There are 2 protein chains.
Amino acid sequence: MTGNKYYYLLSIVNRLETQEFRDLCATHGITVTHQRQVLFEALKSMPGHPSPEEVYARVKRRIPSISLATVYKNIHLFFKSGIFREVSLHHGSLRVELNSRSHHHLVCTVCKSISDIDEEAFGLPQRTGILPGGFLAERFSIDVLGRCAACQAKS
Amino acid sequence: MTGNKYYYLLSIVNRLETQEFRDLCATHGITVTHQRQVLFEALKSMPGHPSPEEVYARVKRRIPSISLATVYKNIHLFFKSGIFREVSLHHGSLRVELNSRSHHHLVCTVCKSISDIDEEAFGLPQRTGILPGGFLAERFSIDVLGRCAACQAKS
DNA sequence: GTGCTTGCAAATTCTTTGCACCATC
DNA sequence: GATGGTGCAAAGAATTTGCAAGCAC
């Protein structure tokens, strides 16, 4: 086929490939930019749980001029609009707890407060030992995510 | 009673109060210092999940000359010897994950790697809704802590 | 054109490290 | 008295912010 036809088809493919993200942006009321489009594709395609630096390195291959600050700003934007999630809700600073009785955590997604709840309050089957895949499970830590009484009252 | 007798009794009380920590140190093979003693008491008495800064502020009331570096060094020492625990095993850096299907995490306590495991692999009763205490539970996030296959092989 | 977004650099926050002095065993 | 711990100050890592110029709608 001629060069003209090729590029015409390419533009259609491109449009189809970016449609998912364009729709997401429309739904969440955020503007579409080239950086965000590439960031989104990178995040979707990266296995595991990439750190901002890893995402930055990946996106830089396609947009060499992008800055780490833009990556951070947009990752936070994606979190806020719910397109992606943070792995741990209470990172940010080291937190200490007594190594005594087993308990789990109630993490408020609004004010980030953490309170404890007793192991028995759940009564979950604690399946320790080797899991399929060879992982040796020693301990379970459950975060219950939601809104604390105070933050519910506020809204 | 006379001042003499008072101070004698005081010294006994003091010795009894510090005995728990002295035993712990002996068990774990770490040296007893005044700073560590005070740090230990502070951590034990603090409710919730204090940050290093909060612990520092607290301990400074009793040892004004203490430095934040010492607090950090000893908190890490306490983690290593198992006297206290970190609340979140994968803090340290922001991590992104797709907000798609429900899954939980296998966190290796040796190499800190995180891998995913499907929701169904657990089949846990997801009790969402209002918990006793007024917390509105929306989502559960389970970290299975242990050692990955690779780290087991190494030891 | 207006307002949100980007990239840069500087500022902030959190944590670790090197080193001289001091305490514990 | 040797070994390891402390405090200080400086370095390092992770993240955020302010701002001028550029892009999306």
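Chain identifiers are assigned alphabetically (A, B, ...) following the order of the sequence lines, protein sequences preceding nucleic acid strands; residue numbering begins at 1 within each chain. Every heavy atom of this structure was used, including side-chain atoms; hydrogens, water molecules and symmetry mates were not. Everything numeric here is computed off the predicted structure, so don't read it as measured data.
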Ion pair B/Arg147/A/Glu138, N-O distance below 4.0 Å
yes

Quick check: does any side chain N or O of B/Ser81 sit under 3.5 Å from a backbone N or O of B/Leu77, one acting as donor and the other as acceptor?
yes

Checking A/Gln152 side chain against B/Gly134 main chain: does a donor-acceptor pair fall under 3.5 Å?
yes

Is there, by distance only and without an angle test, a donor paired with an acceptor across the side chain of B/Lys73 and the base of D/dG4 below 3.5 Å?
no

Spacing of A/Arg36 atom CZ relative to C/dT6 atom C1', expressed in whole Å:
10 Å

A/Phe79 atom CZ is separated from D/dT15 atom C1', nearest whole Å, by 13 Å

In whole Å, I'd like the distance from the NE2 atom of B/His34 to the C1' atom of C/dC25.
18 Å

Could you tell me the separation between the NZ atom of B/Lys80 and the C1' atom of D/dG4, rounded to a whole number of Å?
12 Å

Check every strand shown and say whether A/Glu53 touches a base, only sugar-phosphate, or nothing at a heavy-atom separation below 4.0 Å.
nothing

Aromatic ring pairing A/Phe84/A/Phe78, orientation class (parallel under 30°, perpendicular over 60°, tilted between)
tilted

Can you pull out how bent the helix from C/dG1-D/dC25 to C/dC25-D/dG1 is, comparing the axes over its first five and last five pairs, to 10°?
40°

Under 3.5 Å, side chain of B/Arg139 to main-chain N/O of A/Leu145, donor-acceptor pair present?
no

In whole angstroms, the gap separating P of C/dT15 from CD of B/Glu54 amounts to 11 Å

Should A/Gln35 be listed as having a side-chain N or O under 4.0 Å from OP1 or OP2 of C/dG7?
yes

Find which nucleotide of DNA chain C each of B/Thr33 and A/Thr31 is nearest to by heavy atoms, and output the residue with the more 5' nucleotide.
A/Thr31

Please give me every residue in residues 57-69 of chain B whose heavy atoms get under 4.0 Å of an atom in DNA chain C, ordered by residue number.
B/Leu68, B/Ala69

Evaluate the side chain to side chain contact (heavy atoms under 4.5 Å, CB included) criterion for residues A/Val96 and B/Ile75: first the C-alpha distance (whole Å), next the side-chain angles of each, then the deciding distance (0.1 Å), finally the verdict.
CA-CA 8 Å; A/Val96 188; B/Ile75 285 178; 4.0 Å; yes

Nearest-nucleotide wise, let me know which of A/Thr70 and B/Pro52 is further upstream toward the 5' end of DNA chain C.
A/Thr70

Chi angles and distances behind the side-chain hydrogen bond (donor to acceptor under 3.5 Å, both in side chains) call for A/Glu54, A/His49:
CA-CA 10 Å; A/Glu54 286 159 358; A/His49 304 89; over 6 Å; no

With a 4.0 Å cutoff (strictly under), does any side-chain N or O of B/Tyr72 reach OP1 or OP2 of C/dT16?
no

For the residue pair A/Leu68 and A/Pro52, what are the closest heavy atoms and their distance?
CD1-O, 4.2 Å

Tell me: CD of B/Glu86 to C1' of C/dC14, nearest whole Å?
14 Å

Atom NE2 of A/His76 and atom P of C/dT5: how far apart are they, to the nearest Å?
15 Å

Measure from CD1 on B/Ile75 to P on C/dT17 and round the result to the nearest Å.
15 Å

Walk me through whether A/Glu41 and A/Arg36 qualify under salt bridge (Lys or Arg N to Asp or Glu O under 4.0 Å).
CA-CA 9 Å; A/Glu41 300 297 341; A/Arg36 283 177 192 166; over 6 Å; no

